[in-house]
Colleague: 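Attaching a single structure in C-alpha cells format; questions to follow.
Throughout, a chain's letter reflects where its sequence line sits, starting with A, and its residues are numbered from 1.
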Amino acid sequence: MSDTRTLGIGSYILFTVAGTTYALRSGEVRHMEMIEDITRVPNAPSFVDGVVFSRGQVVPVVNLRARFGFERAAHDLRSRLIVVQSAARLVGLIVDSAREFINIPPDAVQPPHEALAGMSGRYVEGIASIGGRLILVIDLSRILDFAETLSVDLPS
Amino acid sequence: MTEDNATPFSDFLDDYFAECDEHLMGVRRLMLALEVSVGRADIDRGVLDELFRHFHSLKGISGMVELRPAEDLAHHLEDYLRVLRRGEAILTAEGVDALFDGAQMLEQVIGARRAGTAPPSIDAVVGRIVHLVAMVASPEERASAKAASTLPGAAPLVPRWRCTFVPSAELVARGIGVDAVRKRLSSAGEILNAVPRVTDDGAIAFEFDLAARLDDRTIASWRDEGITIERAAPPVDSDETRVVTPAVPAVAPPVDGDLSSASVAPSHVVRVDLARLDDLMRNVGDLVISRARLADTLARVEKSIPAGEWRAIQENAVAIDRQLRTLREGIMRVRLVPVGEIFRRMPFVVRDLARETGKRVRLELRGQGTEIDKFLIERMMDPILHLVRNAISHGIETVEERVAAGKRPEGTIVLSAATAGDIVRMEISDDGRGVDAEAVIARAKAAGLQVPQGTPEANHLLSLLCAPGFSTRDESDRASGRGVGMAVVQSAVEELSGSLSLETTPGAGTRFILELPVTLAITDALIATVGSETFAVPQASVREVIEVAVSELLQVERNEMTPYRGAALPIVRLGRLFGLPDTTRDRVHVFVVGAGAAGLGIAVDRIVGQREIVVRAIADSLVRVEGISGATDLGDGHVVLILDPAVLARQLRERPDRLFVAASGAGR
C-alpha cells in the first residue's frame with residue numbers, strides 16, 4: 001500500500017502571488033480550500049493572518065503576500081488556502097490563485113539566479129521555464145522557518 | 001461593530017446567538033445519529049424528540065428577535081419531525097437530505113444575521129420540506145393522529161424478556177435459524193437489543209432483549225425451538241442510574257479472545273448516565289474554585305494564627321489539593337469504556353448488508369478491549385458504521401468478481417483498535433478492489449470539484465471522497481448512505497481532534513485509519529467577547545466575574561483600578577493587550593484571577609455564556625503566543641482561542657509595560 005505514496009514525484013501545484021507564478025511539490029500539499037473566516041491570533045508574527053481548523057487541527061495561516069513583502073490584498077473567489085505539510089507541521093498558505101497541477105522534469109529546474117532579488121528570492125530553490133513561462137520553485141521549509149523571520153520582521 | 005452595539009437589544013442578540021449556537025450544535029450531532037435510521041420504522045425516538053425540541057426552541061427564540069426566515073424554516077423542520085415522531089412517515093434518504101439542508105440553511109440564515117449580511121433564500125428548502133410533509137397525510141388525518149398521540153398514559157409498561165438462541169445443525173435442519181428466530185420474536189413484540197456472543201464452549205449465541213406480552217403457550221413453543229427465555233429486569237426510567245443485573249451483561253465478551261473487558265463480572269458493573277459524570281466533573285470544578293477561595297481567606301488571616309497551627313493548616317491544604325487532583329483524574333478514568341461497544345453492532349450490519357448485496361463477507365474484530373472516552377464512543381459509532389458499510393458496498397467485490405480475480409470467494413473486513421500513548425488508532429480495512437482512482441476523479445469532476453491531473457496520491461483521493469456532495473454510487477444505493485457520507489465521517493473525526501487517512505492498493509484492498517485522542521481535554525469555560533472577537537476562558541482559572549462601569553475605573557498613575565473586596569484591583573483590558581479597538585460599552589465584565597497582591601482583573605466586553613469546551617492544542621510555533629493555551633470550536637467550525645489568565649497575569653506582573661503597548665492602537 002505504500003507504493004501509492006511515491007506517485008506524484010515531479011508533479012507540482014502552481015499558484016500565483018502578486019503576479020508571479022510559484023510551484024510547490026504536490027507531495028507537500030495536503031489539500032486546498034476556499035478561504036473562510038480566519039481567527040486572528042494576537043501578537044503573532046505580522047505575516048500570520050491567524051488560525052483556522054483544517055481537518056481537526058489548528059493550523060496557522062501564513063499570508064504569502066505579506067511573507068514575500070507585498071501589500072496584502074482582499075480575498076476574492078480565486079484566492080485559496082493551500083494547506084501544506086512540512087515534517088510534522090501543517091500550515092495554511094494564502095495565495096492569490098491556485099489552479100494548475102503540472103509535471104516538471106527534474107532537469108528543467110535551474111538553481112536561482114544571483115540576481116533574483118526581493119523578499120521572495122530567499123524562499124526560492126529553483127527556477128523552471130515551462131512553455132516560455134517562468135516558474136519559481138518554492139523551498140517550503142524556508143517559508144515556514146520562524147527563526148529567520150524574527151530577524152527579518154521584528155527588528156528589536 | 002454595529003452602531004447599536006451598546007443597546008440592550010444587542011445584548012439580547014448576543015444571548016440569542018449564543019443560544020442558537022447551542023441548539024445548532026445539538027442539531028448537528030443528532031442529525032448524524034439520525035442518518036443511520038434511513039428507511040427504518042424504528043427510528044430512535046429519543047433522537048427525534050431532542051431534535052424536535054431544538055428546532056422548537058430555535059423557532060421560539062428566532063421569533064423573539066424577529067428573524068423571520070429562521071423562524072419559518074425552524075417551523076417547517078419542526079413540522080416534518082412531528083410527522084416522523086408520530087410514525088406517520090418513514091425517514092427516507094430525501095427526508096434526511098432535506099433535514100440536513102434545512103439545518104444548514106438555518107445556520108446560514110442565523111450566521112447572516114450575525115454578520116449583518118442579507119439572509120440567503122430559504123424558499124427552495126422550505127418547498128422540499130413542505131412537499132415531504134404534504135405527502136404524508138391530509139390535515140384531518142394528522143389532527144386525529146395528534147389526538148391519539150397526546151392521550152395520557154399511552155405507553156403502559158411491557159414486560160422485558162431475555163431470549164437466547166444457540167444455532168445448531170439440528171435446528172437449522174428444522175428450518176430454525178437466527179433469522180427465523182428474529183422474525184418470530186419481532187412478531188410477538190419489540191426487539192430492543194440484539195447481541196451475538198461466544199458461549200463458554202465456543203459456540204455462537206444470539207441474545208435478544210425483547211419487550212412483549214407473552215403467554216405461556218408462546219413461551220413453551222419457543223423453548224421447544226431452542227430459544228431460552230427468561231424474564232429480564234423491568235425497565236427503569238432512563239434518568240436513573242441503571243444498575244445492570246446479571247441477566248443483562250454490559251459488555252459482550254470479545255470474539256478475539258481479548259478478555260480484559262470480559263473478566264468483569266456483570267453483576268459488578270454499574271452503568272452510569274454520562275450526564276451524571278459530567279455533573280460530578282462540574283462539582284469537582286466547583287470544589288477547585290472553593291479551594292482557591294479558602295486559600296485566599298486563609299492568606300488574609302495568616303498573621304493572626306500561631307505558626308504551629310498555620311503549618312497544620314498548610315499541610316491540610318496541600319493534601320486537599322492532591323486529593324482534588326486524584327478525584328478529577330479518577331472521574332476521567334471512569335469515562336473510559338472499551339471500544340467493543342462500537343464493534344458489537346458490526347456483525348449484524350455486515351451480515352445484513354452482505355446478504356442484501358449478495359456478497360460473502362467475513363468480519364474480523366481486533367482489540368475490542370481498547371478503552372477510549374465514552375464521549376468518543378458515542379460520536380464514533382456512526383462514522384465507523386459508515387466506513388464498514390462502505391467497505392462492503394464499495395470495497396468487497398461480488399463472489400464472481402473475486403473468483404475471477406483469483407481471490408478467495410469470501411471477502412474479509414478487519415476492524416481493529418489499539419492505543420499508542422494518548423492516541424487510539426482504529427482501522428477499517430478490506431481486501432476488496434481498492435479505491436478506483438479514475439472513477440473517483442471522474443465523479444469529482446462531474447461534481448464540479450477541483451481535480452489534480454495524473455495519478456493522485458492517497459491523501460488527495462481522500463480529500464475528494466470527503467468533499468461535500470461526493471458519492472460514487474447512485475442515491476438509490478441504500479448501503480452507501482447519503483452523498484455527504486464521507487464528509488460527515490471526516491467532520492466527526494475532526495470535531496474530536498482526530499485525523500482520518502486512507503491507504504489503498506488497486507485490486508488488493510483499502511484501509512481507513514482513524515486516529516483519535518484517548519480522552520479529550522474537556523473543560524468548563526466562560527465565553528467572552530471583545531469587539532467582534534470571541535474568547536474562551538477556563539472557568540477553573542477564574543475566581544470571580546464582576547461587572548464594572550468603564551467611567552468608574554480609577555486612573556492611578558498609568559494603571560486602571562477598581563475597588564474590589566476592600567482593596568484596589570488592577571484592571572487590564574484584554575482588547576488593549578491584543579491590539580483590538582477599545583470597547584464602546586459603558587459597563588464591562590471583568591475576570592478576577594489570582595489572589596491578594598497577585599490579583600488582577602481582565603476586562604472583556606461581555607461574557608456571553610458558559611459551556612463545556614473541547615480543548616485543542618495550538619502546536620505550531622508560528623501561532624504559539626503566551627497567554628493563549630489552545631483553541632476550541634463552539635460548533636460553527638470557527639476557531640475560538642482559549643485564554644490562559646494565569647499566564648497573562650504573570651506576564652503582566654513581570655512586564656507591566658505590556659499593558660500599554662497596544663493602547664495606542666497597534667491592531668491591524
Colleague: Which heavy atom in B:Leu622 sits nearest to a heavy atom in A:Val62, and how many Å separate them?
Modeller: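 Residues B:Leu622 and A:Val62, closest heavy atoms: CD1-CG2, 3.6 Å.
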
Colleague: Nearest 0.5 Å, please: how far is CG in B:Asp620 from CG in A:Leu90?
Modeller: 8.5 Å

Colleague: Name the one of B:Ile628, B:Leu574, B:Leu577 that satisfies side chain to side chain contact (heavy atoms under 4.5 Å, CB included) with A:Pro42?
Modeller: B:Ile628

Colleague: What residue in A:Asp37, A:Val29, A:Val59 has the most heavy-atom pairs under 4.5 Å with chain B?
Modeller: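 Highest number of pairs under 4.5 Å: A:Asp37.
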
Colleague: Of all the heavy-atom pairs spanning B:Leu641 and A:Arg40, show the shortest one and how long it is.
Modeller: CD1-O, 3.6 Å

Colleague: Measure distances from A:Val61 to the heavy atoms of chain B and classify the residue's part below 4.5 Å as side chain, backbone, both or neither.
Modeller: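 No part of A:Val61 comes within 4.5 Å of chain B.
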
Colleague: Rounded to the nearest 0.5 Å, what separates atom CZ in B:Arg624 from atom CG in A:Asn43?
Modeller: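 Here the interatomic distance stands at 15.5 Å.
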
Colleague: Specify the closest pair of heavy atoms between A:Arg89 and B:Ser621, including all atoms of both residues, with the distance to one decimal.
Modeller: NH2-OG, 4.0 Å

